[in-house]
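What follows is a set of notes on a single structure, which appears directly below.
Every heavy atom of this structure was used, including side-chain atoms; hydrogens, water molecules and symmetry mates were not. Residue numbers start from 1 in every chain, and the chains themselves are labelled A, B, ... in the order their sequence lines are given, proteins ahead of strands.
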Amino acid sequence: MSIYRTHTCGELTTKDVGQTVSLSGWIYRRRDHGGVAFIDLRDHYGVTQIVFHPDCGLINDVTHLTLESVVKVTGVVVKRDAAQVNPNMATGDIELEVKSMEILSKVEKLPWALADDSIPEDLRLKYRMLDLRRERLQHNLKMRSDVIAFLRRKMWDNGFREYQTPILTSSSPEGARDFLVPSRLNPGKFYALPQAPQQFKQLLMVAGYDRYFQIAPCFRDEDPRADRSPGEFYQLDMEMSFVTQDDIFAVMEDVIGDLFRHFADGKEVVTGTDSKAFTRIPFDEALMKYGSDKPDLRNPLVVQNVADIFEASEFTAFKGVLKNGGHVRAIPAPKAADKPRSWFDKLVSWATTDLGAGGLGYITCTAEGEFKGPIAKFLSDAQVKEIFTRCGMGKGDVVFFMACGKHQVMKMVGPVRTKLAEELDLIDKNQYRLCWIVDFPMYEYDEDNKKVDFSHNPFSMPQGGMEALEGQDPLTIKAFQYDLVCNGYEISSGAIRNHRPEVMYKAFEIAGYSAETVDAKFGGMINAFKLGAPPHGGNAPGIDRIVMILCDEPNIREVIAFPLNGRAQDLMMGAPSEVSEQQLRELNIRHTSIPGQQQVKAS
RNA sequence: GGGGGUGUAGCUCAGUCGGUUAGAGUGCUAGCCUGUCACGCUAGAGGUCGCGGGUUCGAGCCCCGUCACUCCCGCCA
């Protein structure tokens, strides 16, 4: 038994009445009535009301303590009178009649009241230790720990073992920007922090370990987003040998499907099939129907291609877009015809300013079946009817139109589909909808450099193998490359790898890399594949993002104990910081100081 | 690198048409109160209106610039 407590603040009940107990924790709230005073004492497990009666002689002490001070109290558990029971508290049937109190830690001054719920984020990050005391973050981080424990168990149950891979590795030429670490023993040379253990896990497959996983830290020096933490994040990195895409899907559908079912907390987990399998949507179809490669399937709206109709119309604006290789898509908006003019105006202004779209057209169908709207006059009645039929819309409904450039479907059409569903409240917030996006293109055309380039992982196996690479238009080749998507978030990405050197050289050749370049850049991997490599593949679910979704948080920082802010700074520790000249000398580093640049301040 | 939003007391915010000494709630400090549970009551302290410049008789408010935070685009094999 601890000298600090006999129980936690969450466990005393009427069964303990009459016992003398000790609790330790933080003073959460205080109610002072002069003659009698109460404090709510909080620890990780809950809150218990402590009563200070006049004869305890401690009222003056406790009322002059700043909230959040840490105390140990000893006293007797008493049952509350019926009128005093607090049904909102787990321990609301009892209270502790205090006999003695020991102050373990005094608070000097709080930067904010802990009960306050809307504190600016930079302040929260500066005093993260205070922020982390709040119930919401305690819940999120416990959830994170539980999710990781669950994933480890499930991976073990599926025959996987966890292996560590290096944190100090070499800079890789493809992919995101690396974090670099100077080498003291090798002047002028740098390690890179791994963007993912990609090459190492493939080498483990070559080494015959068959089923690998790791709760792996990944480091990428890219700008953040709400669902993307700057600097570092964690993946459930996994790889397996002698498998096809179907084998990998089966494992992930078991692991991730069960994960969501286990932590859904009453929400419905929808896989789109009557088994454990997840719906599979080819990339091209996702782009067409949802305008996104990570569609939110809770959103029932389905986009339609109406290029042919506008091609045959008198609407020169859209015809011009089509002539330049662009697209015209229709997005249905059921039961929106009676929305006020201002609703439409706001959407159009949102599309032009926020999305940077040229415009947003729409045609409404009144309750009487009359078509109205800014672009209705450019179309014949038959053409409008055809559009409404394709969209499954009718009286009282609206169809929106978006014209966009060749490569702008995801940037323009997808957001409109999402916005309309939000505006019309069509998204079932009580669901997790999981699906695979499959058949990603192997290559895409790089408009900037006027060349064919890899569209995803260059190590992915092209569908059709060598035959496809040699005989097919590169831009039509698909890869065994897939993403796992939940509620509009990409939660995992993976591939069947290209384990055959000759296919690898050919794949790189198409993207403009010589065999010499491939050897120079990926020598380790390609040599490994010349020493007996099993067919293999895998993927890597993003743990932070999955926890964020399960916690129903809009921002990934809410599920990370000590996140960096939007400029990749740790406001509490003061990172990144300047280092001494001595340290730099040892590393053979000299830097040009940047005048006027602010040091990140530690709290 | 680009675009949007925000910035007034420790914190959350209000501040009208540009016009007297910039307000409220909360927290803080002191006091009162014997059953509260976001206790209540009284009083007090607390302000570089993010920063700099400009327009004006006069700027929290208008203009220009800048900084910080945040969301998005680019980027993220």
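Residue A/K79 qualifies as open at atom NZ: its count of foreign heavy atoms under 6.0 Å is 12 or below. No more than 12 heavy atoms of other residues, nucleotides or ligands lie within 6.0 Å of CG in A/D552, so this atom counts as exposed by the packing criterion.
Side-chain N/O atoms of A/N86 and base N/O atoms of B/C37 include a donor-acceptor pair closer than 3.5 Å. Checked by distance alone, A/E95 brings a side-chain donor or acceptor within 3.5 Å of a matching partner on the base of B/G35. Within 3.5 Å, no donor on the side chain of A/N565 pairs with an acceptor on the base of B/C69, nor the reverse. The base of B/U36 is paired with the side chain of A/Q49 by a donor and an acceptor separated by under 3.5 Å. A donor-acceptor contact under 3.5 Å is formed by the side chain of A/R80 with the base of B/C37. Side chain A/D354 to base B/G3: no donor-acceptor pair is found below 3.5 Å. Between the side chain of A/R228 and the base of B/C75, a donor-acceptor pair under 3.5 Å is found.
For the OP1/OP2 pair of B/G27 and a distance below 4.0 Å, the side-chain nitrogens and oxygens of A/R30 include no atom meeting the criterion. Regarding contacts with the backbone of B/C39, a side-chain N or O of A/R31 is found under 4.0 angstrom from either OP1 or OP2. For the OP1/OP2 pair of B/C73 and a distance below 4.0 Å, the side-chain nitrogens and oxygens of A/R225 include at least one atom meeting the criterion. Dashed line: the shortest gap from a side-chain N or O of A/Q569 to OP1 or OP2 of B/C69 is under 4.0 Å. Residue A/R567 places at least one side-chain N or O closer than 4.0 Å to OP1 or OP2 of B/A68. Side-chain nitrogen and oxygen atoms of A/H64 include none within less than 4.0 Å of the OP1 or OP2 phosphate oxygen of B/C28.
Taking a cutoff of 4.0 Å between a charged side-chain nitrogen and a carboxylate oxygen, A/E509 and A/K506 qualify as a salt bridge. Checked for salt-bridge contact, A/R497 and A/E239 meet the test: a charged N lies under 4.0 Å from a carboxylate O. Ionic pairing of A/D483 and A/K294 is not present here: no N-O contact between side-chain nitrogen and carboxylate oxygen is shorter than 4.0 angstrom. Between A/E68 and A/K106, none of the side-chain N atoms (NZ, or NE/NH1/NH2) sits under 4.0 Å from a carboxylate O, so this pair counts as no salt bridge.
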For RNA chain B, what string of dots and brackets results from 5' to 3' when Watson-Crick and G-U pairs need both distances under 3.5 Å, crossing pairs get [ ], and pairs with another strand get |?
-> (((((((..((((.....[...)))).(((((.......))))).....(((((..]....))))))))))))....
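Taking a centre distance below 5.5 Å and an interplanar angle below 30 degrees as the stacking criterion, A/W112 does not stack against the six-membered base ring of B/C11.
Nucleic acid contact for A/R124: none, since no nucleic acid atom lies under 4.0 Å from a heavy atom of the residue. Among the protein residues, A/N555 comes within range of the sugar-phosphate backbone only, with heavy atoms under 4.0 Å from sugar or phosphate atoms but none that close to a base. Base contact: A/P458 has a heavy atom under 4.0 Å from a base atom. Using a 4.0 Å heavy-atom criterion, one finds that A/L123 contacts the sugar-phosphate atoms exclusively. At the heavy-atom level, A/P120 lies under 4.0 Å from the strands shown only through sugar-phosphate atoms. Using a 4.0 Å heavy-atom cutoff across all strands shown, A/K411 reaches sugar-phosphate atoms only and no base atom.
Put simply, CG on A/L571 is 10 Å from C1' on B/C69, counting in whole angstrom units. Between the CD1 atom of A/I50 and the P atom of B/C39 there is a distance of 15 Å, given to the nearest Å. A/Q198 has its CD atom 16 Å from the P atom of B/C76, to the nearest Å. Following rounding to the nearest Å, A/M412 (CE) and B/C72 (P) show an atom-to-atom distance of 17 Å. A/D223 places its CG atom 13 Å from the P atom of B/C69, with the value rounded to the nearest Å. Straight-line distance from the CG atom of A/L67 to the C1' atom of B/U26: 13 Å, rounded to whole Å. The nearest whole Å value for the distance from the CZ atom in A/F233 to the C1' atom in B/C76 is 8 Å. Atom CD of A/E422 and atom P of B/C72 are 12 Å apart (whole Å).
Both A/L65 and A/F38 lie close to RNA chain B; mapped to their nearest nucleotides by heavy-atom distance, the more 5′-ward contact belongs to A/L65.
Taking the six-membered ring where tryptophan is involved, the planes of A/F440 and A/F283 are tilted, since the angle between them lies from 30° to 60°.
Taking every heavy atom of both residues into account, A/M238 and A/M252 meet most closely at CE-SD, 3.6 Å. Nearest heavy atom pair, residue A/Q202 against residue A/H536, reads NE2-NE2, 3.0 Å.
A search for ring pair (Phe, Tyr, Trp, His ring centres under 6.0 Å) contacts involving A/Y234 returns nothing, not counting sequence neighbours.
Distance from the side chain of A/H33 is smallest to B/G35 among B/G35, B/C76, B/A38. When distances are taken from the side chain of A/P54 to each of B/C76, B/U70, B/U34, the shortest belongs to B/U34. The nucleotide whose nearest atom lies closest to any side-chain atom of A/Q84 is, among B/C11, B/C75, B/C37, B/C37.
Here CG of A/D237 is found 6.5 Å from SG of A/C218. Values are rounded to the nearest 0.5 Å. A distance of 6.0 Å separates OH in A/Y443 from CD1 in A/I477, rounded to the nearest 0.5 Å.
Rounded to whole Å, the separation between the C1' atoms of B/G18 and B/A22 comes to 14 Å.
For the contact set between residues 498-512 of chain A and RNA chain B, defined by any heavy atom under 4.0 Å, there are no members.
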